[in-house]
Amino acid sequence: MKFNIASAQKLLDIDEERQYRIFYDKKIAQEVPGDSLGDEWKGYIFRITSGNDKQGFLMKQCVLLPYRVCLLLADGHSCYCTRHAGERKRKSVCVYIVGPNIAILSLVIVKQGENDIPGLMDNVLPRRLGPKGAMKIRSFFNLGKEDDVRKYVVRREVKSMKKEDAKPYTKAPKIQHLVTPLRLQRRRHLHSLKHHRIEHQKEQKAEFKALLSKHVAEKKANVATIKAAHKTAA
């Protein structure tokens, strides 16, 4: 079970079928009230995200067969992570409808109830890493276009594990999609090169047209002189 606001997770081991029977015949991404789990879960609403059957195979969306199937999965499919570009692999997955064969169910709290759950609400885990993209940093700190994004990147303190008396240092991610004056200068330079290349091609095309017209005119003149010579000879 996961609570996104506190970035915390909790594992519940439920043995009584009457408590988790409410999840039967529910599909992935459906919302289920958690009142049947106990009085402490009164008012909570969960969303089913995933699950595993008794043999450990994952639930996959849109698999309607009551038994496991072996699907050819590729990049972009759920339940599979590619190691190489263009790689495909057959993996066994199970039905995406909750039933007695499902042993583990992953839930996300959509709506918080009346009571706070110990171990899930009282422990707020800080984010280890901050945003990396330039636009995400601007939206995270509510910055404008004139603000320098590089001053607001989240740094974290790191201490060496090899030396105990080593001085701690800080690390920061490389900002992605960052538009700097150097980047704008390089972009203007590339645009100017493209413009000069187009102008040079136009000049070459004009020179070729002039040369071609001159060649055609000379050829016509030669043909005309040959015809005139034949007429005089006749």
Side-chain angles (χ1 to χ4, degrees), residues 4 7 28-29 49-50 58 60-63 69-93 96 126-158 160 162 167-234:
N4 289 330
S7 301
I28 292 179
T49 57
S50 181
L58 279 169
K60 181 169 175 57
Q61 189 74 268
C62 299
V63 177
V69 292
C70 194
L71 302 179
L72 183 62
L73 304 179
D75 187 20
H77 294 161
S78 59
C79 307
Y80 178 60
C81 181
T82 56
R83 267 69 177 179
H84 306 284
E87 182 185 20
R88 297 188 299 172
K89 190 175 181 180
R90 288 195 176 274
K91 293 186 73 70
S92 295
V93 292
Y96 80 116
R127 291 185 61 176
R128 178 175 169 269
L129 301 176
K132 190 175 182 181
M135 291 301 296
K136 291 188 177 181
I137 294 175
R138 286 193 180 95
S139 62
F140 187 77
F141 291 102
N142 196 14
L143 304 177
K145 291 185 177 180
E146 65 278 355
D147 296 324
D148 191 3
V149 182
R150 292 170 289 185
K151 296 180 181 178
Y152 293 89
V153 64
V154 178
R155 306 187 69 89
R156 59 187 179 93
E157 190 174 294
V158 181
S160 177
K162 297 181 180 179
K167 186 179 179 181
Y169 59 95
T170 59
K171 276 187 175 182
K174 181 181 178 182
I175 303 175
Q176 303 295 318
H177 313 294
L178 180 63
V179 180
T180 59
L182 183 62
R183 173 61 183 158
L184 294 176
Q185 180 184 355
R186 188 181 296 115
R187 189 177 296 173
R188 289 194 299 268
H189 178 63
L190 293 176
H191 279 303
S192 65
L193 289 179
K194 183 179 180 180
H195 180 69
H196 290 322
R197 188 163 55 247
I198 292 173
E199 294 295 331
H200 182 61
Q201 288 177 357
K202 286 182 179 179
E203 292 177 0
Q204 286 185 334
K205 188 176 181 180
E207 291 178 0
F208 176 74
K209 282 186 177 181
L211 186 64
L212 186 62
S213 61
K214 183 179 178 181
H215 176 69
V216 171
E218 290 178 354
K219 191 174 182 181
K220 287 183 179 180
N222 291 334
V223 171
T225 52
I226 292 172
K227 286 183 178 181
H230 282 301
K231 285 182 180 181
T232 54

*Starting at CE of Met135, measure out to NE2 of His177 and round the result to the nearest 0.5 Å.*
10.5 Å

*Look up atom NE2 in His77 and atom NZ in Lys60, then write down how far apart they are to the nearest 0.5 Å.*
6.5 Å

_Spatial distance of atom NZ (Lys89) from atom NE2 (His84) [nearest 0.5 Å]_ = 10.0 Å

*With Arg150, which residues qualify under salt bridge (Lys or Arg N to Asp or Glu O under 4.0 Å), at least two apart?*
Asp148

*Could you go step by step and tell me if Glu207 and Leu211 meet the side chain to side chain contact (heavy atoms under 4.5 Å, CB included) rule?*
CA-CA 6 Å; Glu207 291 178 0; Leu211 186 64; over 6 Å; no

*asked:* Would you say CZ of Phe208 has more than 12 non-hydrogen atoms from neighbouring residues, nucleotides or ligands within 6.0 angstrom?
replied: no

*Which atom of Lys91 lies closest to which atom of Leu73, heavy atoms considered*: CB-CD1, 4.0 Å

*Separation of Thr180 OG1 from Gln185 CD (nearest 0.5 Å)*: 9.5 Å

*Taking C-beta and beyond as the side chain, do His189 and His191 meet within less than 4.5 Å on heavy atoms?*
no

*Measure the CG-CZ distance between Leu72 and Arg88 for me, rounded to the nearest 0.5 Å.*
4.5 Å

_Between NZ on residue Lys214 and CD on residue Glu218, distance to nearest 0.5 Å_ = 5.5 Å

*For Val154, all residues meeting side chain to side chain contact (heavy atoms under 4.5 Å, CB included), sequence neighbours excluded*: Pro131, Phe141

*Which atom of Ile28 lies closest to which atom of Thr49, heavy atoms considered*: CG2-O, 3.5 Å

